[in-house]
Undergrad: 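Submitted below is the structure of interest, expressed as structure tokens.
The structure displayed is predicted, hence computed values, not measured ones. In what follows, every chain begins at residue 1, and chains take the letters A, B, ... in the order their sequences are listed.
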Protein chains: 2
Amino acid sequence: MANSLDTIFAALADPTRRAILSMLLEDDMAVTDVAEPFEMSLAAISKHLMILTRAGLIAQEKRGRVKWCKLEPDAMKGASVWMQGFGQFEPVNLDAFERFLETELDSAPE
Amino acid sequence: MANSLDTIFAALADPTRRAILSMLLEDDMAVTDVAEPFEMSLAAISKHLMILTRAGLIAQEKRGRVKWCKLEPDAMKGASVWMQGFGQFEPVNLDAFERFLETELDSAPE
DNA sequence: GGGATCGTCAACCAAATGGTTGAATGTCTA
DNA sequence: TAGACATTCAACCATTTGGTTGACGATCCC
């Protein structure tokens, strides 16, 4: 549905949320740990995680008092397919990806 | 630069703008012709085209009093590479793309 | 020159977005 | 049971976004 492209692209448009996704690429994380490197309130991060969840880009599972966040990479597939229709992008270039990932991480606070 | 991912994803988050990009996939178009199928003012479409231009997704060239819009598919490449890092998406599936394109066009007015 | 056409600008508006703080809820642990 | 911890909720705020309208500057053509 077109609506999912709306929510997915909107979710990806924010650098904080992209940084969170990059962090979750490493491993699943608790909400508090996700928030730790950012200079904003836990409530703000909680909202970002809600947006990512509604977009289907992550899933959150509560175990005890800790809510774990994990990447749901399949959600990006539809958007990726949509974009690829606009050009014959060369097959996945991992070097280029590493570079983009680095600039993304650079934009997140230490 | 991370900023371009911001502007590209934000530009793609709006269904009107995605519909415009799909239209330009067919052929270059004048601003007035881009606006024709939409139920909103020319000024609104002009703003959408500005956003797409600033994101680098289209280019506009004025010839006489007509301003032509053409797709700049390369701009999506960085974003596409970024996204592909999150999963091993199968190589471009044109059938799937056609389906997504159709749902996109369905969401645009006739 | 004068009128039609193409497109943008400027001012305005309502709604959405991204953030804050403080209180509230639920869960673990001593 | 009491307190500490993990997370969200609710109210609020400033800024951005997506739209409108009307006036304006170019350009084409008779």
Undergrad: Which residues satisfy the salt bridge (Lys or Arg N to Asp or Glu O under 4.0 Å) test with B:Lys47, sequence neighbours excluded?
TA: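 For B:Lys47 there are no salt bridge (Lys or Arg N to Asp or Glu O under 4.0 Å) partners, ignoring immediate neighbours.
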
Undergrad: Which is more 5' along DNA chain C, the nucleotide nearest A:Lys62 or the one nearest A:Ala13? Just name the residue.
TA: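 Looking at DNA chain C, the more 5' nearest nucleotide goes with A:Ala13.
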
Undergrad: If two hydrophobic side chains count as joined below 4.5 Å and joins carry through other members, does A:Leu25 share a cluster with A:Phe38?
TA: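 Yes; A:Phe38 is reachable from A:Leu25 via cluster members.
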
Undergrad: Counting N and O atoms only, with roles assigned by atom type, does the side chain of A:Arg17 sit under 3.5 Å from a partner on the main chain of A:Leu12, one being a donor and the other an acceptor?
TA: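 Checked: no pair found.
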
Undergrad: Considering residues at least two apart in sequence or located in another chain, which fulfil the side-chain hydrogen bond (donor to acceptor under 3.5 Å, both in side chains) criterion with A:Lys62?
TA: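 None.
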
Undergrad: With sugar-phosphate meaning primed atoms plus P, OP1 and OP2, does B:Arg63 contact a base, only sugar-phosphate, or nothing at under 4.0 Å between heavy atoms?
TA: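 Result for B:Arg63 = nothing.
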
Undergrad: Roughly, in whole Å, what's the span from CG in B:Asp14 to C1' in C:dA15?
TA: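 After rounding, the reported distance stands at 14 Å.
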
Undergrad: In whole angstrom, give the distance that lies between atom CZ of A:Arg17 and atom C1' of C:dG19.
TA: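 So the CZ-C1' distance, A:Arg17 to C:dG19, works out to 12 Å.
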
Undergrad: Reading DNA chain D 5' to 3', which nucleotide is the first, and which the last, to come under 4.0 Å of any heavy atom in chain B?
TA: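 Nucleotide range with atoms under 4.0 Å of chain B: D:dG18 to D:dC28.
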
Undergrad: How about B:Thr32 and B:Glu36: does a side-chain donor come under 3.5 Å of a side-chain acceptor?
TA: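 Not at all, the side chains of B:Thr32 and B:Glu36 share no donor-acceptor pair under 3.5 Å.
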
Undergrad: Rounded to whole Å, how long is the line connecting atom CD of B:Glu61 with atom P of C:dG7?
TA: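 To the nearest whole Å, that distance equals 13 Å.
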
Undergrad: By side-chain hydrogen bond (donor to acceptor under 3.5 Å, both in side chains), which residues pair with B:Thr53, not counting sequence neighbours?
TA: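 If we apply the side-chain hydrogen bond (donor to acceptor under 3.5 Å, both in side chains) test to B:Thr53, skipping adjacent residues, the hits are B:Gln60.
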
Undergrad: So which of residues 40-58 of chain B are in contact with DNA chain D, with a heavy-atom cut-off of under 4.0 Å?
TA: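 Contacts with DNA chain D under 4.0 Å: B:Met40, B:Ser41, B:Ala43, B:Ala44, B:Lys47, B:His48, B:Ile51.
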
Undergrad: Other members of the hydrophobic cluster containing B:Val66, with the 4.5 Å side-chain heavy-atom rule, please.
TA: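 Cluster partners of B:Val66: B:Trp68.
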
Undergrad: Minimum heavy-atom separation for B:Phe86 to A:Leu21, with atom names?
TA: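 Shortest heavy-atom separation between B:Phe86 and A:Leu21 comes out as CE2-O, 3.5 Å.
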
